[in-house]
Colleague: 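Have a look at this one.
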Amino acid sequence: MTKIEPRNPENNPIRIIERCRKEGRPVFIAGPMVRYSKLPFRSLVREYNTDLVYSPMILAREFVRNEFARLSDFTTNNYDTPLIVQVGTNNVTDLLRFVEMIHPFVDGIGINCGCPIKEQIREGIGAALMSEPDLVSDMVYAVKQKYGDKVCIETKIRIHPDLNETVKFVQKVEKAGVDFITVHGRTKTTRSSQPANFEAIKLMNESVSVPVIANGDCFSLNDAYEIVKKTKVDGVMAVRGILDNPALFAGYEKAPWGCIEKFWEYSTSYGLTYRLLQHHLSCMLDGRIPKELYKEMMDIKTLAQLIDFFDNNFILKRSNEEGFGTGIEIPFKTQRALHI
Amino acid sequence: MMETVHQSLVNQLSEITINKPTDIKLQPQNGEIMVKKGSGRTKIRKGQTDAEYGSQKQQFHMEGPMLNTKTWLEELDVSKIDPNIKSDRAKLESLTERLYFKRDYVKCLETTKFALELFKDLNHKKIKNEIDELEYLKSSCSKKIETVQ
Ligand SMILES: Cc1cc2nc3c(=O)[nH]c(=O)nc-3n(C[C@H](O)[C@H](O)[C@H](O)COP(=O)(O)O)c2cc1C
């Protein structure tokens, strides 16, 4: 049976940030997505210049109490690194237990202080923590007290309508020992269609000395550099952008075909629920294939049929075939498909 | 795959609904916590004793996280699959899908037939999608093998 290997200290997020600083470039990060940042997707983005990858938010409460939750929420392997596991929690005890159990299998732990989903906010999880700076500091402090440099801890926050409150917040968690902070430049009620506030991110970066990562509206490599120019932060986290284009940080404008081939390979070998696989492929192909073909794809009910759909309409290479994973344009098989 | 099982367990997690939060003394050292329900009422999320946590920790320490390597599906011991467990059935199906994807139609057909046999006494209405996919694979693999011969 395969055993999981000890973590490589070089993959500690702080080491990565330091390395990128030396190289004079930002750290490129694929942020957390409930449902979607599963193992096959994490493996895929690492092939395209992504330095650091998050898991979806995992609820500490369930993880420490329930074996089924652990099995369904966290699958990994020896190549799943650098990895930050993101945790949803509302108290020190659950967090400490979660960290104790999971830290040997990850490179860092991030506390979600940004999730705006009502059900989580009612539980005091996610964005609810933005009004609880003392609790967040207590949680960070408890982990750092116990583990010191052995566990890298991050908080992913949103901004407040009054930025002074956010400044106090970041300074407080910095004092508690946080290793770095990701700032999503929106308040908990700002819609994602509204632009992220980079001025606010810049201000947070100026208010602390720990590294800050900017999150919001990074849809291309160019955006990443622009965001760094505006905010002067150490790194950029992409989420919706990298879901549509996992090769974003490698400079591709759209998901290259090879990326789609690799995703198929990872998903079928590691295993991925059909609906998730279908959703990922739909994000990567939306607006790039004829509408009726897209609709046909979305109506497919099983993975086996989706394989045939791909083989009938495109040239989908397998990993043992020459040129696998290297294509850029969509290799349509039929004339019909040429017209979008 | 395991989401339904997980969800039902989560729902069973004991919740005590109360109206007067001030009457209650929480035990935060156990992770016990008060939360607000949509209705505005308050509810206590039960804590976890050291002993309860200890046994969870030990299980995870012994078995570790679920490891999905490139070959784990093909290395599955299919004789250990329990058709009554959804996540077990899912593993077998993922294996058939993987073999089909790799165009190993002979092995895929063999595994598909094995799965259909294993699932034959289950309520097919409840697992319609799973059975539909297996039937599809069976017929498609048979055709593809015939074409080659
Ligand atoms: C599908 C989806 C799932 C998300 N899940 C999480 C999550 O688990 N944890 C979290 O902190 N944020 C989550 N978010 C928010 C993103 O991490 C990110 O903060 C937000 O999308 C802004 O970044 P973007 O403009 O690059 O998309 C999610 C966003 C999306 C679109």
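The shown structure was predicted, so the numbers you read here are calculated from the model rather than taken from an experiment. Residue numbers start from 1 in every chain, and the chains themselves are labelled A, B, ... in the order their sequence lines are given, proteins ahead of strands.
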Colleague: Could you have a look at B/Ser140, B/Gly64, B/Pro65 and say which one has the most heavy-atom pairs with chain A under 4.5 angstrom?
Modeller: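 Most heavy-atom pairs within the cutoff with chain A belong to B/Pro65.
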Colleague: Any non-hydrogen side-chain atom of B/Gln48 less than 4.5 Å from a side-chain atom of A/Val64?
Modeller: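 Result yes, sub-4.5 Å side-chain heavy-atom pair found.
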Colleague: Could you check whether B/Phe60 and A/Phe63 have their ring centres less than 6.0 Å apart?
Modeller: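 So the answer is yes for these two rings.
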Colleague: Give the minimum heavy-atom separation between A/Ser269 and B/Leu73, together with the two atoms involved.
Modeller: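 So the two residues come closest at O-CD1, 3.4 Å.
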Colleague: Taking side chain as everything from C-beta outward and backbone as N, CA, C, O, which of these in B/Glu133 sits under 4.5 Å from a heavy atom of chain A? Side chain, backbone, both or neither.
Modeller: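 Contact with chain A is through both the backbone and side chain of B/Glu133.
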Colleague: Do A/Thr268 and B/Glu97 make a side-chain contact, defined as non-hydrogen atoms from C-beta onward lying under 4.5 Å apart?
Modeller: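 No, every pair of side-chain atoms sits at 4.5 Å or beyond.
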Colleague: Do A/Tyr266 and B/Lys70 come within less than 4.5 Å of each other through their side chains, counting heavy atoms only?
Modeller: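 Side-chain contact under 4.5 Å: yes.
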Colleague: Indicate yes or no: at least one non-hydrogen side-chain atom of A/Leu316 is less than 4.5 angstrom from one of B/Phe101.
Modeller: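 The answer is yes; the side chains approach within 4.5 Å.
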Colleague: Kindly indicate whether the side chain of B/Arg103, heavy atoms from C-beta on, has any atom under 4.5 Å from the side chain of A/Arg318.
Modeller: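 The answer is yes, as the side chains (C-beta and beyond) meet within the 4.5 Å cut-off.
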Colleague: Are side-chain N/O atoms of A/Tyr274 and B/Asn129 paired as donor and acceptor at under 3.5 Å?
Modeller: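 Per modelled atom types, A/Tyr274 and B/Asn129 side chains form no pair under 3.5 Å.
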Colleague: Between A/Arg70 and B/Gln56, is there a side-chain donor-acceptor contact under 3.5 Å, judged purely by atom types and distance?
Modeller: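 On atom types as modelled, these side chains qualify, holding a pair under 3.5 Å.
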Colleague: Counting only non-hydrogen atoms closer than 4.5 Å, does B/Lys144 touch chain A with its backbone (N, CA, C, O), its side chain (CB onward), both, or neither?
Modeller: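 Looking at B/Lys144, just its side chain touches chain A.
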